[in-house]
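Have a look at the structure below, then the notes.
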There are 2 protein chains.
Amino acid sequence: MTGDHDRSLLLVEDDAKLAALLDRLFTGEGYTVDMARDGQSGLHHALTQRYAVMVIDRGLPAIEGVDLVRRLRARGVATPILVLTARGTTEDRVEGLDAGAEDYVVKPFEIDELLARLRALLRRHTDTSTRLDLGERYLDVAARRVLGGTAGPIELSGRENELLQLFAAHPSQVFTRDELRRLVFQDADSPGAVDTYVYYLRRKLGRDVIRTVHGLGYRMGSA
Amino acid sequence: MTGDHDRSLLLVEDDAKLAALLDRLFTGEGYTVDMARDGQSGLHHALTQRYAVMVIDRGLPAIEGVDLVRRLRARGVATPILVLTARGTTEDRVEGLDAGAEDYVVKPFEIDELLARLRALLRRHTDTSTRLDLGERYLDVAARRVLGGTAGPIELSGRENELLQLFAAHPSQVFTRDELRRLVFQDADSPGAVDTYVYYLRRKLGRDVIRTVHGLGYRMGSA
DNA sequence: GGGCGCTCTGAGGTTCCTCTGAGATTCGCG
DNA sequence: CGCGAATCTCAGAGGAACCTCAGAGCGCCC
């Protein structure tokens with residue numbers, strides 16, 4: 001049972017030597033380290049465990065690092081992410097940050113700087129879990145269903161799950177349709193889909209799960 | 001009349017040429033830029049205005065950049081800060097981040113990267129940086145609602161939100177109907193709209209939120 | 001191959017917001 | 001007190017934004 005600690009850290013790194021070095025380094029700083037050797041495995045860990053912070057290498061087999069970041073953000077995972085990259089060109093940096101990474105460090109890096117950046121990331125972050133609060137009920141992200149109310153469990157489809165996850169992870173934030181389309185619906189032009197899925201969620205969970213902010217977008221019903 | 005915008009930015013930079021360049025750059029990206037030429041002035045701006053983000057140079061007269069960051073954090077200013085530094089050594093970077101800066105960029109920097117880092121900073125902080133004081137309660141501008149009183153949250157429409165935002169950002173100022181019409185209502189000739197929306201706000205928030213200054217206009221209820 | 005569930009489209013009905021305008025009320029001043 | 005001007009109150013028109021839902025397209029599993 002790892003990954004539910006205040007200083008839990010997910011390291012996604014394919015290079016065995018570097019992975020071992022970083023593991024020792026982070027452990028020595030008091031982090032509880034989980035390790036994944038490729039993007040697929042990293043994705044699985046990140047979606048099923050709770051971490052305080054993630055450190056992800058750009059050059060990964062299976063799923064590329066930046067792509068992994070993008071996928072995690074699309075599923076509402078708000079955990080701060082630091083990307084390790086060998087490439088130091090500006091386009092690479094821009095791409096990583098715009099994908100949703102909080103920070104990046106160029107290899108070869110200095111140990112002190114890496115640790116300082118980790119501290120900076122951790123200093124201001126609230127974590128997410130696989131169970132997200134919905135007020136009366138909660139969303140079990142991994143099982144894709146809503147539990148805990150007076151009625152029985154409510155099964156969600158993949159899209160419904162992703163959308164609700166995003167809202168539940170940021171309860172006070174208003175999302176525009178554009179943002180939701182980018183984050184949840186990969187297809188850039190699916191104008192009505194957002195509305196439809198809000199409708200689906202409301203039909204299943206009650207009209208108040210998601211509130212409309214007229215002219216702006218939607219936000220979570222509770223809080 | 002600056003500093004109350006969603007994309008308002010405070011730039012603290014002593015080098016005149018660099019300051020002018022950055023000003024143009026940020027303005028071109030849609031930021032509303034306030035400028036300060038030294039740390040003392042920067043501190044004053046940062047404490048009296050509200051900004052979405054601050055960009056601070058390390059090498060400043062009067063108060064050094066990192067010191068400025070530390071002082072702001074000590075006073076509870078949570079605005080995200082990006083530090084520009086000529087020194088690229090690890091110790092410098094560590095010091096800046098540990099002082100409470102969210103990020104730093106080493107000069108000479110690439111424009112695209114600087115802008116990408118700004119976007120990344122703003123994205124992270126959009127959910128906490130938009131609150132205006134109303135006395136007992138406060139206005140969450142982004143979510144368009146009033147929170148914090150004894151009663152539950154009060155939802156506002158777009159116009160109501162803009163109008164109240166203007167008043168709350170300038171609590172002691174008296175606005176004429178003409179000014180309000182120009183600032184809040186696009187249509188140049190909508191004479192009664194101002195009165196109507198003042199009425200709406202009063203109905204939702206109590207008669208005292210906005211005071212009438214007979215023959216002149218309106219001003220905020222508190223202070 | 002056929003059935004089933006999921007995703008997204010598009011059209012029609014509904015709600016909400018904005019602003020107008022007219023009557024009621026209050027204010028300032030002689 | 002009395003009068004004109006300023007302000008308040010509120011019903012409602014018009015239009016934009018939104019909701020609802022049937023159904024087509026797609027992929028998956030048996």
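Convention: sequence-line order gives letters A, B, ...; per-chain numbering from 1. All of these numbers come straight from a predicted model, not from anything done at the bench.
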Considering only [options], which nucleotide approaches the side chain of [X] most closely?
X       : options                   : value
H214(A) : dC10(D), dC16(C), dC19(D) : dC16(C)
R207(A) : dT7(D), dT20(D), dT20(C)  : dT20(D)
Y197(B) : dC6(C), dC21(D), dC19(C)  : dC19(C)

Examine [N]: is either OP1 or OP2 under 4.0 Å from a nitrogen or oxygen in the side chain of [X]? Give yes or no.
X       : N       : value
R159(A) : dC8(C)  : yes
R202(A) : dC19(D) : yes
S157(B) : dT18(C) : yes
R181(B) : dC19(C) : no
T212(A) : dC19(D) : yes
Y218(A) : dC19(D) : yes
R177(B) : dA6(D)  : no

Return the value, rounded to whole Å, for the distance between atom [atom1] of [X] and atom [atom2] of [N].
X       : N       : atom1 : atom2 : value
R203(A) : dC6(C)  : CZ    : C1'   : 13 Å
L216(A) : dT18(C) : CG    : P     : 11 Å
E162(A) : dT7(C)  : CD    : C1'   : 12 Å
L163(A) : dC8(C)  : CG    : P     : 11 Å
R144(A) : dG5(C)  : CZ    : C1'   : 11 Å
Y199(B) : dG12(D) : OH    : P     : 14 Å
D195(A) : dA11(C) : CG    : P     : 15 Å
I210(A) : dT20(D) : CD1   : C1'   : 15 Å

Check: R211(A) side chain, M220(A) main-chain N or O, donor-acceptor pair, under 3.5 Å: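 Answer holds: no.
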With heavy atoms under 4.0 Å as the rule, sort Y200(A) into base, sugar-phosphate or nothing.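 Result for Y200(A) = base.
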Quick one: does NZ or CZ of R159(A) land under 6.0 Å from the six-membered ring centre of Y197(A), within 45 degrees of the ring axis?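 Not satisfied by the 6.0 Å and 45° rule.
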Side chain T196(B) and base dC8(D) donor-acceptor under 3.5 Å: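 Looking at the base of dC8(D), it does not pair with any donor or acceptor on the side chain of T196(B) (distance under 3.5 Å).
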Let's go through D208(A) and R202(A) carefully: what are the C-alpha distance in whole Å and the side-chain angles of both, what is the deciding distance for salt bridge (Lys or Arg N to Asp or Glu O under 4.0 Å) to 0.1 Å, and is it a yes or a no? CA-CA 7 Å; D208(A) 289 344; R202(A) 282 172 172 166; over 6 Å; no
Stepwise, does the salt bridge (Lys or Arg N to Asp or Glu O under 4.0 Å) test hold for R37(B) with E13(B)? CA-CA 5 Å; R37(B) 284 297 164 75; E13(B) 171 62 63; over 6 Å; no
Neighbour count above 12 (heavy atom, 6.0 Å) for E136(B) CD: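 Atom CD in E136(B) is not crowded, with 12 or fewer foreign heavy atoms closer than 6.0 Å.
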